[in-house]
Number of protein chains: 2
Amino acid sequence: MPDHLIRKLEHFTRLSAADRLALHGLARSVRAVGRHQDLLRDGDSPRHVSLVLEGWACRYKQLEDGRRQIVAHVLPGDFCDGYLLVLRALDHAVGTLTPVRVAEIPSTALMEVLDQHPRIMQALWWETLVAAAIQREWTVSLGQRTALERVAHLFCELFWRLRMIGLTEGDTCPLPLTQVEIADTLGLTNVHVNRMLHQMRGAGLIVLKSKRLTILDLPALQDIALFNAGYLHLGREGSHLDAEG
Amino acid sequence: MPDHLIRKLEHFTRLSAADRLALHGLARSVRAVGRHQDLLRDGDSPRHVSLVLEGWACRYKQLEDGRRQIVAHVLPGDFCDGYLLVLRALDHAVGTLTPVRVAEIPSTALMEVLDQHPRIMQALWWETLVAAAIQREWTVSLGQRTALERVAHLFCELFWRLRMIGLTEGDTCPLPLTQVEIADTLGLTNVHVNRMLHQMRGAGLIVLKSKRLTILDLPALQDIALFNAGYLHLGREGSHLDAEG
DNA sequence: CGATTTATTGAGAGGGGTCAAATAATGTGG
DNA sequence: CCACATTATTTGACCCCTCTCAATAAATCG
């Protein structure tokens with residue numbers, strides 16, 4: 001089941017059959033959760049680690065007066081937490097954006113796998129660092145990019161991340177976000193997101209319909225977004241750790 | 001020398017004398033660097049790990065057209081990299097904001113210490129997760145907070161971080177940032193930062209002079225900033241790992 | 001097919017940006 | 001320690017990108 005996770009990790013290093021088997025063994029207990037539910041609440045300290053197998057979720061923080069900021073998108077193959085081995089309490093919430101299937105992994109089981117499979121340990125370490133790099137790039141977007149550039153950049157990033165886990169088809173990918181959710185991601189209002197989408201459609205850059213995004217001209221979109229994929233570290237940077245065969 | 005690092009880590013768990021000794025052993029080779037120099041450039045892949053002993057630096061990303069965003073402040077006791085054990089190339093630059101003294105630690109020496117001192121390993125893991133939490137909070141600031149709230153939040157965060165490493169005196173701390181650098185941190189212009197400072201001074205909240213910040217009313221400043229220190233995870237969350245004595 | 005969510009569009013307002021110039025602080029060489 | 005150059009701060013006037021408010025249209029869903 002954790003095919004997306006495996007596919008993602010293999011952008012870092014090639015796993016052995018035993019590695020893959022171990023990862024499959026982790027996704028034993030699976031839970032289905034509906035749309036717009038909280039998987040984790042701010043302040044929680046869950047006992048197990050959750051891995052999203054299918055569907056989209058997001059990390060978000062809410063200010064006292066109601067303002068909400070989505071701080072990360074959690075796609076299939078992403079962990080919800082993974083931090084709780086060290087930190088006592090979560091400093092943000094995790095909510096579903098679509099119906100989701102999550103594997104609940106006892107932290108002892110995860111630790112055992114990490115001990116016995118150093119290649120997985122390295123790959124998950126890489127995964128953590130890429131997540132941090134994405135967070136930094138979001139800081140750049142919110143701090144420096146205009147509204148149009150932000151939307152374009154988000155679409156480029158999601159397209160690359162989805163392609164990494166095999167969820168694109170040609171120039172098309174799922175995009176189950178509402179305009180309000182895009183706005184909460186980019187620090188904009190839904191009204192202005194709508195206007196930017198209008199503009200991008202008018203320029204023949206994208207088609208967005210029925211929760212699917214088609215990028216008609218990826219190079220042009222990347223130019224507009226000042227998008228540079230380097231921060232996603234997709235160059236198989238752990239190839240020296242590759243498994244044989 | 002790495003007193004600030006030790007002081008910071010002890011907000012997570014109490015280290016043993018041997019742990020502290022091992023950390024001191026790491027800071028053998030020290031380099032002095034002037035103000036406004038790059039310690040690391042985007043794309044670099046340094047061989048050793050750098051620890052800031054004194055002075056301030058920042059991580060930053062620059063867009064092709066010159067727009068610059070500071071994505072993190074690197075204070076005494078912070079690592080510049082620490083990632084390079086896994087990632088091949090840096091996705092951002094690190095530059096000094098003041099003259100700086102950095103320890104250059106061979107990655108093999110660091111790995112040895114981590115192997116022999118699991119408590120340090122855990123504490124550095126905590127440190128990494130706190131850095132990620134700070135990055136998320138910056139996403140919230142840039143996405144949702146107004147200019148005034150952003151400046152107030154930054155000052156609260158820096159004050160707490162500096163207090164954590166023993167660099168505050170009462171309600172005062174160093175603040176060597178120029179208004180341009182504050183602006184590049186918060187996604188504002190230096191002109192508008194200046195106006196917000198004017199407003200905060202007028203409200204009797206702060207004094208900022210000769211690169212020192214005095215917070216006259218911390219609770220009020222935190223209210224304005226919607227600041228909640230939870231994300232800094234200062235509650236000695238690793239106390240179950242405490243060394244004896 | 002009615003009910004609710006989501007997307008779309010318009011008009012008006014404001015927070016923060018841009019441009020420009022003056023003042024103050026800091027640094028440097030003699 | 002001063003004269004000068006450089007860097008940093010401060011302030012004003014004007015503008016524009018994005019927000020707010022509001023109303024309508026279109027999807028989506030039981």
Side-chain angles (χ1 to χ4, degrees), chain A residues 34-37 56 63 65-70 95-99 141-155 174-202 206-213 224, chain B residues 34-37 56 63 65-70 95-99 141-155 174-202 206-213 224:
Chain A
R35 184 169 175 248
H36 289 329
Q37 305 293 314
W56 289 33
L63 300 178
D65 63 3
R67 281 177 277 175
R68 181 175 96 127
Q69 177 67 39
I70 292 176
T96 60
L97 297 167
T98 71
S141 275
L142 296 185
Q144 301 299 328
R145 287 191 246 259
T146 65
L148 185 68
E149 291 165 357
R150 283 184 220 182
V151 177
H153 193 277
L154 176 65
F155 286 178
L175 199 113
L177 303 174
T178 67
Q179 292 181 7
V180 169
E181 287 159 350
I182 294 175
D184 284 352
T185 299
L186 299 177
L188 301 168
T189 57
N190 59 333
V191 174
H192 203 58
V193 166
N194 183 280
R195 287 195 256 257
M196 296 302 103
L197 292 176
H198 182 81
Q199 193 174 328
M200 290 167 73
R201 282 192 263 244
I206 62 160
V207 174
L208 179 52
K209 213 179 145 188
S210 335
K211 304 295 171 199
R212 290 200 66 85
L213 169 69
I224 287 174
Chain B
R35 184 166 175 250
H36 290 327
Q37 306 293 313
W56 290 32
L63 300 179
D65 62 4
R67 279 177 277 175
R68 178 174 100 125
Q69 176 68 38
I70 292 177
T96 60
L97 297 167
T98 71
S141 274
L142 296 185
Q144 301 298 328
R145 286 191 248 259
T146 65
L148 185 69
E149 291 165 356
R150 283 184 220 184
V151 177
H153 194 278
L154 176 65
F155 286 178
L175 199 112
L177 303 174
T178 67
Q179 292 179 10
V180 169
E181 287 159 350
I182 294 175
D184 284 351
T185 300
L186 299 177
L188 301 168
T189 59
N190 60 333
V191 174
H192 203 61
V193 166
N194 185 279
R195 288 195 262 254
M196 296 302 102
L197 292 176
H198 182 80
Q199 194 174 329
M200 290 167 72
R201 282 193 263 245
I206 62 161
V207 174
L208 179 52
K209 214 180 146 187
S210 333
K211 304 295 174 201
R212 291 199 66 84
L213 169 70
I224 287 173

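By convention in this document, chain letters (A, B, ...) are assigned in the order of the sequence lines, proteins followed by strands, and residues within each chain are numbered from 1.
- Closest of all the heavy-atom pairs between L63(B) and Q144(A) is CD1-CB, 4.2 Å.
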Scan nucleotides 24-30 of chain D against the protein and return all N/O pairs shorter than 3.5 Å with their distances rounded to 0.1 Å.
none

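- With sequence neighbours left out, the side-chain hydrogen bond (donor to acceptor under 3.5 Å, both in side chains) criterion links R67(A) to D65(A), E149(B).
- Residues that satisfy the side-chain hydrogen bond (donor to acceptor under 3.5 Å, both in side chains) test with R145(B), not counting sequence neighbours, are E137(B), S141(B), H153(B).
- dA25(C) atom C1' lies 16 Å from atom CG of N190(B), rounded to whole Å.
- Looking at every heavy atom in both residues, R201(B) comes nearest to L208(B) through NH1-O, 2.9 Å.
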Pick out the pairs of N or O atoms, protein on one side and nucleotides 16-21 of chain C on the other, that lie under 3.5 Å.
unit_1	atom_1	unit_2	atom_2	d
dG16(C)	OP1	A147(B)	N	3.0
dG17(C)	OP1	T189(B)	N	3.4
dG17(C)	OP2	T189(B)	N	3.3
dG17(C)	OP2	T189(B)	OG1	3.0
dG17(C)	O6	R195(B)	NH2	3.3
dT18(C)	O4	R195(B)	NH2	3.2

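- The side chain of N194(A) places no N or O atom within less than 4.0 Å of a non-bridging phosphate oxygen (OP1 or OP2) of dA7(C).
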| said: Under the criterion side chain to side chain contact (heavy atoms under 4.5 Å, CB included), I'd like the reasoning laid out for I206(A) against L213(A): C-alpha separation, chi angles, the key distance, then a yes or no. | reply: CA-CA 7 Å; I206(A) 62 160; L213(A) 169 69; 4.0 Å; yes
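- In this structure, the CG atom of L142(A) is 12 Å from the P atom of dT18(D), given to the nearest Å.
- Remark: R150(A) CZ to I224(A) CD1 distance equals 15.5 Å, nearest 0.5 Å.
- Residue H198(A) places its side chain closer to dT9(C) than to any other of dT9(C), dT11(D), dT10(D).
- Of the inter-residue distances, the one linking Q69(B) atom CD with L142(B) atom CG reads 5.5 Å to the nearest 0.5 angstrom.
- In this structure, CH2 in W56(A) is found 13.5 Å from OG1 in T96(A), a value given to the nearest 0.5 Å.
- Residues from residues 175-184 of chain B lying near DNA chain D, meaning a heavy-atom separation below 4.0 Å, are T178(B), Q179(B) in numerical order.
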| request: Would you please test R35(B) and L97(B) for side chain to side chain contact (heavy atoms under 4.5 Å, CB included) and show each step? | output: CA-CA 6 Å; R35(B) 184 166 175 250; L97(B) 297 167; over 6 Å; no
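- Over its full length, the helix from dC1(C)-dG30(D) to dG30(C)-dC1(D) turns its helical axis through 60°, comparing axes from the five pairs at each end and rounding to 10°.
- Applying the salt bridge (Lys or Arg N to Asp or Glu O under 4.0 Å) test to pairs two or more places apart or on separate chains, none has a residue in residues 186-200 of chain A.
- Remark: R201(A) is in phosphate contact with dT8(C), judged by side-chain N or O atoms under 4.0 Å from OP1 or OP2.
- Rounded to an integer number of Å, the gap from Q144(B) CD to dT18(D) C1' is 14 Å.
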Name every donor-acceptor pair, under 3.5 Å, that has one atom in a side chain of residues 176-186 of chain A and the other anywhere in the protein, sequence neighbours excluded.
unit_1	atom_1	unit_2	atom_2	d
T178(A)	OG1	V180(A)	N	3.4
T178(A)	OG1	E181(A)	N	3.1
T178(A)	OG1	E181(A)	OE1	3.4
Q179(A)	OE1	N194(A)	ND2	3.0
E181(A)	OE1	T178(A)	N	2.9
D184(A)	OD2	R68(A)	NE	3.0
D184(A)	OD2	R68(A)	NH2	3.4
T185(A)	OG1	H73(A)	NE2	3.1
T185(A)	OG1	E181(A)	O	2.8

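- Residues passing the side chain to side chain contact (heavy atoms under 4.5 Å, CB included) test with T189(A) are V191(A), H192(A), sequence neighbours excluded.
- The distance from atom CG of L154(B) to atom CG of L175(B), rounded to the nearest 0.5 Å, is 7.0 Å.
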